[in-house]
Amino acid sequence: MDKVKCECSHLNPYGTIICESCGKPIKENESTELLNMRYEGSARRSQTYNTNVVDKIWNFFSSVKVGVWLIVITLIASAVGTIFPQEMYIPTSADPALYYEEEYGFLGDAYYQLGFHNLYTSWWFVLLLGLIGVSLIVASIDRGIPLYRSLKNQRVTKHDNFLKRQRMFSTTKRGDDEEQLLEEIIFRLKEKRYRVRKENGSILAEKGRFSRWGPYVNHVGLIIFLLGAMLRSVPGMHLDDDMWVREGETKAIDGTDHTYYLKNEKFTFEVYDEENDQYSEALERVQQPIPKNYQSDIILYKAGEKLPGAKPELEKVKEYSIQVNKPLKFEDFAVFQVDYRQEMRKMNFKLENSETGKALGKFKVDLLNPKEVYKLDNGRKVVLQNYFPDFYFDAENNKPATKTNIPNNPAFIFKMFTPETPKGEIAFIGIRQNLDPSNDNQYKITFDGIETEFITGLTVKKDKTLPMLLIGGIIFMLGVVQGLYWNHRRIWVKITEDEVWMAAHTNKNWYGVKREVDDVTTKLGINQLVDYQEGKEPNN
């Protein structure tokens, strides 16, 4: 649409309410209501165009109400995410599909099924953050650019109607020497740190314009912060994964694309001594050992070039002892000691005569890598027909099964062969279970001890978004300070044929600007500004 030309010859964008240059209302009328100085009466796209789809989308996101509702919805969603702990905060060994239902019942299961256990990385939560960012960008452009243009183009000499319809306005009969009066006014205002411009018998005194950009600085900080939060879901930008490593085991570190490996050389677990007088009272109160230290002595390796299908050649990088709050750091990664557990590693068994209980041989089963055949003396052997590391009975299929591959509740089906029983005898062995399916076995297998080992629980963290979050937060706080502790004040003085006109405007703290101007007018014998509150009309 065509631009609007004011009588001062300035071309204003279509939709302008107050001329950017002289301040004359574009639609001149006899109204004496106070001027709406919000955004200096400049033309905002959202208030001017509403014809096509692009305009409607722009107007939707530029609306403050829409932005507030998006923030409210995001806050409610964030609050829902705190009802139960997020998956990253539950025990590392727990299965989320079972944990929430076991700990919190039906509500916990619903919480998991709805995906709230990983709420802050869900696609719809990230989408909400993105929509808030779009709203901030559109609203800032829609308001910030017209405001900048109006403040940049403002003239010293303002239209009479602009001055008379300011909230603070006064008139005083002019004296004989208006030039001296203007110079004295300029001197007094400069004392109060106003930047003063003079033109054709008029004065524009201004200070604190930078405070008008405080909200937009806030927006920039929030946009950077939201962008950092959204980037946490981008692969390679953020990592928070757990890994369990047994003593002597070497594992690839998650998120390094099999470039770095960790070997757990030794795990150390220490508890406070009950005989120590310093801690005896506390230990007696809790009635259980309290960990004093648990640490993993590790070796960090880096993989060299490898052929497809071949094991990589590992080059030693460093040795380090990982303790709580003393992580291993390399490149952008940090490996923290967060947990430990003690697992059964080997189970010892004896082959016995069912009637006499006489031991006929011993064998040991590695729970992580069991053998199929265990040979004993005198031609006896035991064959492992089936192994269930985490045994449970599947009632639906009416057969034994395993929940996981971790030996939490191991059970075995053995077949025993001896010279007396060449066809073999079947035995089912589990924890506190020793079953003879035929009820006629000559031999049986019994437990003869368990060997355990510690497994260290480590968390691998990587966060390239922290600098963005920090920068965004700092910029946001600077914007808060900029917009909260300063204000934009302007004072206009105009010499007419028989009067001295004075008007003032500020974006906040009207009492402060009136006090400053009153101090000037009192010393120069000029009538004080009258504050025409909302609902009152200024004098003509």
Side-chain angles (χ1 to χ4, degrees), residues 6-10 17-38 40-41 150-151 153-192 194-209 487-507 509-540:
C6 179
E7 64 181 27
C8 69
S9 300
H10 182 76
I17 300 172
I18 304 172
C19 176
E20 296 174 339
S21 180
C22 69
K24 177 187 175 183
I26 298 299
K27 294 182 179 179
E28 187 67 63
N29 53 47
E30 298 300 325
S31 173
T32 58
E33 293 181 357
L34 301 180
L35 285 177
N36 182 2
M37 294 289 288
R38 196 175 188 186
E40 306 298 306
S150 293
L151 292 176
N153 292 328
Q154 63 177 338
R155 286 171 48 187
V156 174
T157 304
K158 289 294 187 180
H159 192 271
D160 291 354
N161 208 350
F162 175 86
L163 297 176
K164 289 190 293 183
R165 292 173 62 182
Q166 291 298 317
R167 175 172 164 174
M168 288 186 175
F169 178 72
S170 71
T171 60
T172 305
K173 289 186 178 181
R174 59 178 288 180
D176 296 332
D177 193 351
E178 67 277 4
E179 281 297 325
Q180 182 179 355
L181 177 62
L182 288 177
E183 292 300 325
E184 290 180 352
I185 294 174
I186 291 172
F187 175 76
R188 298 293 180 183
L189 291 174
K190 284 185 176 180
E191 278 188 331
K192 299 186 179 300
Y194 279 88
R195 185 169 60 87
V196 183
R197 294 161 56 194
K198 180 182 176 184
E199 176 186 279
N200 299 328
S202 296
I203 293 174
L204 168 60
E206 183 178 20
K207 73 175 179 180
R209 184 193 291 189
N487 46 81
H488 183 207
R489 299 179 178 181
R490 282 173 292 176
I491 301 170
W492 297 275
V493 179
K494 185 175 182 179
I495 305 294
T496 64
E497 292 183 358
D498 53 359
E499 289 181 322
V500 177
W501 289 10
M502 181 176 284
H505 181 269
T506 182
N507 61 327
N509 190 10
W510 290 89
Y511 173 77
V513 70
K514 188 175 188 306
R515 185 181 59 183
E516 282 189 338
V517 177
D518 286 350
D519 183 57
V520 173
T521 55
T522 299
K523 293 177 179 178
L524 299 178
I526 302 173
N527 292 338
Q528 293 186 351
L529 291 177
V530 178
D531 187 354
Y532 298 97
Q533 298 291 338
E534 187 177 354
K536 294 184 179 181
E537 295 184 347
N539 287 327
N540 269 330

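One is the number of the first residue; the rest follow in order along the sequence.
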In this structure, NE2 of H488 is separated from CG of N507 (nearest 0.5 Å) by 7.5 Å

According to side chain to side chain contact (heavy atoms under 4.5 Å, CB included), who are the partners of E499, at least two apart in sequence or on a separate chain? T171, T496, W501

Kindly indicate whether the side chain of I17, heavy atoms from C-beta on, has any atom under 4.5 Å from the side chain of N36. no

Between atom CD of E178 and atom CD of Q180, what is the distance when rounded to the nearest 0.5 Å? 10.5 Å

Walk me through it: do E184 and K523 pass the test side-chain contact (heavy atoms from CB on, under 4.5 Å)? CA-CA 10 Å; E184 290 180 352; K523 293 177 179 178; over 6 Å; no

Exam field: side chain K158 to backbone S21, donor-acceptor pair closer than 3.5 Å: yes

Please state whether the rings of W492 and H505 are parallel, tilted or perpendicular, taking 30° and 60° as the class boundaries. tilted

Just how far is it from atom CG of L163 to atom CE of M168, taken to the nearest 0.5 Å? 15.0 Å

From Y511 OH over to T506 OG1, what is the distance, rounded to the nearest 0.5 angstrom? 14.5 Å

Are any of the side-chain heavy atoms of M37 and F162 separated by less than 4.5 Å? yes

Looking at every non-hydrogen atom in both residues, tell me the closest pair between K494 and S202 and how far apart they are. CG-OG, 3.7 Å

Heavy-atom distance under 4.5 Å between the side chains of K198 and V156, does that happen here? no

Does the side chain of I491 reach to within under 4.5 Å of the side chain of M502, using non-hydrogen atoms? yes

Assess whether atom NZ of K192 is packed by more than 12 heavy atoms of other residues, nucleotides or ligands within 6.0 Å. yes

To the nearest 0.5 angstrom, please state how far the CG atom of L182 sits from the CD1 atom of I203. 4.5 Å

Between R515 and D519, does the salt bridge (Lys or Arg N to Asp or Glu O under 4.0 Å) criterion hold? Intermediate values first, please. CA-CA 6 Å; R515 185 181 59 183; D519 183 57; over 6 Å; no

If you take all heavy atoms of A504 and L529, which pair is closest and at what distance? CB-CD1, 3.6 Å

Do Q166 and L35 have side-chain heavy atoms sitting under 4.5 Å apart? yes

In Å and rounded to the nearest 0.5 Å, what is the CD1 to CZ distance from I495 to R174? 6.5 Å

Heavy atoms only: give me the nearest A205-V196 pair and the separation to one decimal. CB-CG2, 4.0 Å

Between G525 and T172, which heavy-atom pair has the shortest distance, and what is it? O-CG2, 4.4 Å

Test side-chain contact (heavy atoms from CB on, under 4.5 Å) on K24 and N161; report intermediate values, then the result. CA-CA 6 Å; K24 177 187 175 183; N161 208 350; 5.7 Å; no

On a heavy-atom basis, which atom in F169 and which in A503 lie closest, and how many Å separate them? CD1-CB, 4.0 Å

I'd like to know if D531 and R167 make a salt bridge, using a cut-off of under 4.0 Å between side-chain N and carboxylate O. yes

The single option from E20, R197, R490 passing side-chain hydrogen bond (donor to acceptor under 3.5 Å, both in side chains) against Q154: R490

What's the verdict on side-chain contact (heavy atoms from CB on, under 4.5 Å) for L204 and E199, showing C-alpha distance, side-chain angles and the deciding distance? CA-CA 8 Å; L204 168 60; E199 176 186 279; over 6 Å; no

Compare all side-chain heavy atoms of P25 with those of R165 and state whether any distance is below 4.5 angstrom. yes

Sole candidate of R188, E516, K207 that passes side-chain hydrogen bond (donor to acceptor under 3.5 Å, both in side chains) when paired with Y194: E516

Could you pull out the closest heavy-atom pair between C22 and R155, with the gap in Å? CB-NH1, 4.2 Å

